[in-house]
Amino acid sequence: MNASYILMHRDVPFGLVIINSDNGAMLHCRISEPEYSPFPGNADPDLIRVWWNHRAVPGHRKDMEQVIRDAGCVSGRDYLAKNLALSITDTYWICPADMDLAWKNVCLYNFPSVGADVMPYHHLSSYDPNASLGGEMDKYWDQSEQPTVLVKRSCAHYGQQSANELFASELHRRQDSGIGYVQYKFGRTHDGDAVSRCRAFTSEKVEFLSAYQVIMSQKQSHDLPDYESFIEICGEHGLEEEEVRRFLDYQTLTDFVISNTDEHLRNFGVLRDAETLKFICPAPIFDSGSSMFYDMEGSSPLDTAQLLEQKTNSFQKPEEKMLRYVRHRDIVAEDRLPSPAEVREFYCRCGIPEEKADFIAGSYVNKRKLFQRFQSGERISLYGEKIRNR
């Protein structure tokens, strides 16, 4: 059995989709107003299907498995359709073709009490904001606070991913660079799980477009790297290209310092005016949990070659190739970075065992050595480090 839905951006219909009612798969898509597409100006149906699949909460995520089953759904996509694809981070949604609903009837910000429970009920005026909350970590939107707060829980690796969010916040605070970042808070539950909390940086009038959406909004040129395409397209939408470049360079270098392996193209982007569709600025830096060697342990710190062997999920997998994009090598102040002793103390204070804290701090020492050499003008390469470490 299939169901027809109208693709909506606030109160503007911009397309029609047919969704399989059994599993939530998008079977057909037709865009009538491309400028309102999630990929601004690009009406490619295959891209819209990708957007739909990524919008759905992973059905295998532990915190959502029972929620999805209790709703009578078989998958995250099915649950997404049941909740009209509503999100805290943008103003896209789907309206059943046989229903007369306005944006005010479904806007999550008009129903702040609904998200107070991790598993809210469902009817025409009560939708789960977590149905579109992606990622592998257990998380949920807490709408009992205003602005809405994102709560992320981590129990593996001593809960270090949650601690890493706070560490990154502190690093950015010290830099005082003028580049936006999300401020996280850290704590532990009564059963010892680590929890990070942060306020939403979107609202009913300000929405988030990922770098992936921005880059895929235009036909790709094989001559221009995605890093440069992102800057160029943002410039075409009214942002100062130098501002965007400085943001990317700062993010790339701070990710390098903390060894963030998960800065994929959906983990950063731009803020857009939801009414005028005009780009406002780069979105604040967020989601730095997969950093500081969270899933690694050892009796000795990683040396510089081992550090460069770690793959990243970003424009390029090798960090040495990411560094080649950077033009503003001095945008991160080396003397304002946390010291190794402060790093060790921080992780011990967050409940990380001393042996792991020693490993983190020791590996961080070697990463800072690479960073210092890069800032002095040296070209960093894995091959060069293997030769150096012989």
Side-chain angles (χ1 to χ4, degrees), residues 7-10 12 14 36-40 47-48 50-58 61 63-64 76-77 79-81 83-94 103 106-112 114-115 118 120 127-152 165 180-184 196-217 230 234 237 251 262-289:
L7 283 167
M8 304 288 295
H9 183 266
R10 297 173 66 86
V12 178
F14 66 92
Y36 289 95
S37 163
F39 305 88
L47 270 181
I48 303 299
V50 171
W51 169 79
W52 178 258
N53 291 336
H54 281 282
R55 195 173 182 83
V57 62
R61 208 170 71 197
D63 63 326
M64 291 300 293
R77 292 181 305 186
Y79 190 59
L80 181 66
N83 286 278
L84 303 189
L86 290 158
S87 173
I88 290 291
T89 60
D90 62 36
T91 58
Y92 287 102
W93 60 292
I94 57 172
W103 172 242
V106 299
C107 175
L108 293 170
Y109 290 96
N110 291 342
F111 306 97
V114 173
V118 180
Y127 302 99
D128 184 356
N130 304 309
S132 56
L133 186 54
E136 297 302 317
M137 286 181 64
D138 290 352
K139 64 188 77 171
Y140 66 93
W141 290 109
D142 182 356
Q143 288 186 277
S144 66
E145 298 185 40
Q146 293 299 315
T148 300
V149 170
L150 178 63
V151 182
K152 300 168 72 173
E165 303 282 26
Y181 65 93
V182 171
Q183 177 66 59
Y184 287 86
S196 66
R197 301 172 64 88
C198 69
R199 293 180 176 180
F201 52 77
T202 52
S203 67
E204 184 184 354
K205 295 184 178 180
V206 176
E207 59 187 353
F208 172 72
L209 284 185
S210 71
Y212 178 76
Q213 290 172 267
V214 172
I215 291 169
M216 299 305 293
S217 67
F230 179 72
C234 286
H237 283 269
Q251 178 178 259
D262 197 29
E263 196 57 80
H264 60 75
L265 302 189
R266 292 181 178 84
N267 262 358
F268 68 97
V270 298
L271 298 183
R272 182 175 73 167
D273 187 307
E275 296 178 337
T276 67
L277 305 185
K278 291 183 179 180
F279 285 14
I280 300 171
C281 64
I285 294 174
F286 65 96
D287 204 354
S288 302

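The figures that follow rest on heavy atoms only: side chains count, while hydrogens, waters and symmetry mates do not. Just so it is clear, the structure is predicted and the values come from calculations on it, not from any experiment. Starting from 1, each residue takes its place in the sequence as its number.
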Any donor-acceptor N/O pair, D128 side chain to N83 backbone, under 3.5 Å: no
CA sep, side-chain torsions, deciding dist, call: V12, W103, side-chain contact (heavy atoms from CB on, under 4.5 Å): CA-CA 9 Å; V12 178; W103 172 242; over 6 Å; no
Closest non-hydrogen atom pair between L47 and M216, with its separation: CD1-O, 3.5 Å
Identified ring-ring contact (aromatic ring centres under 6.0 Å, His included) counterpart of F286 within the set F268, F201, Y181, Y184: F201
Verdict with supporting geometry, D287 and K139, salt bridge (Lys or Arg N to Asp or Glu O under 4.0 Å): CA-CA 12 Å; D287 204 354; K139 64 188 77 171; 5.2 Å; no
Min side-chain heavy-atom separation R77-W52 under 4.5 Å: yes
Residue pair P147 / A200: nearest heavy atoms and the distance that separates them: CB-O, 4.4 Å
Where P58 and G135 come nearest, the two heavy atoms and their spacing: CG-O, 3.4 Å
Validation row: L265, F230 side chains within 4.5 angstrom (heavy atoms): no
Distance-minimising heavy-atom pair for N130 and V57: O-CB, 3.7 Å
Interatomic distance, T148 atom OG1 to L108 atom CG [nearest 0.5 angstrom]: 8.5 Å
pair Y36-R10: side-chain heavy atoms closer than 4.5 Å: no
Contact summary for P129 and Q143, nearest pair of heavy atoms: CG-OE1, 3.6 Å
Heavy-atom closest contact (A274 atom, H9 atom, distance): O-CE1, 3.0 Å
Spacing of F39 atom CZ and I215 atom CD1 [to the nearest 0.5 Å]: 11.0 Å
Rounded distance [0.5 Å steps], CG in L150 versus CD1 in I88: 10.0 Å
Separation between CZ of R55 and OG of S87, rounded to the nearest 0.5 Å: 4.5 Å
R197, CZ atom: more than 12 neighbouring heavy atoms under 6.0 Å: yes
Gap between atom OG1 of T89 and atom CD of E207 - 0.5 Å precision: 8.5 Å
Approximate separation, where rounding is to 0.5 Å, of L209 CG and T202 OG1: 11.5 Å
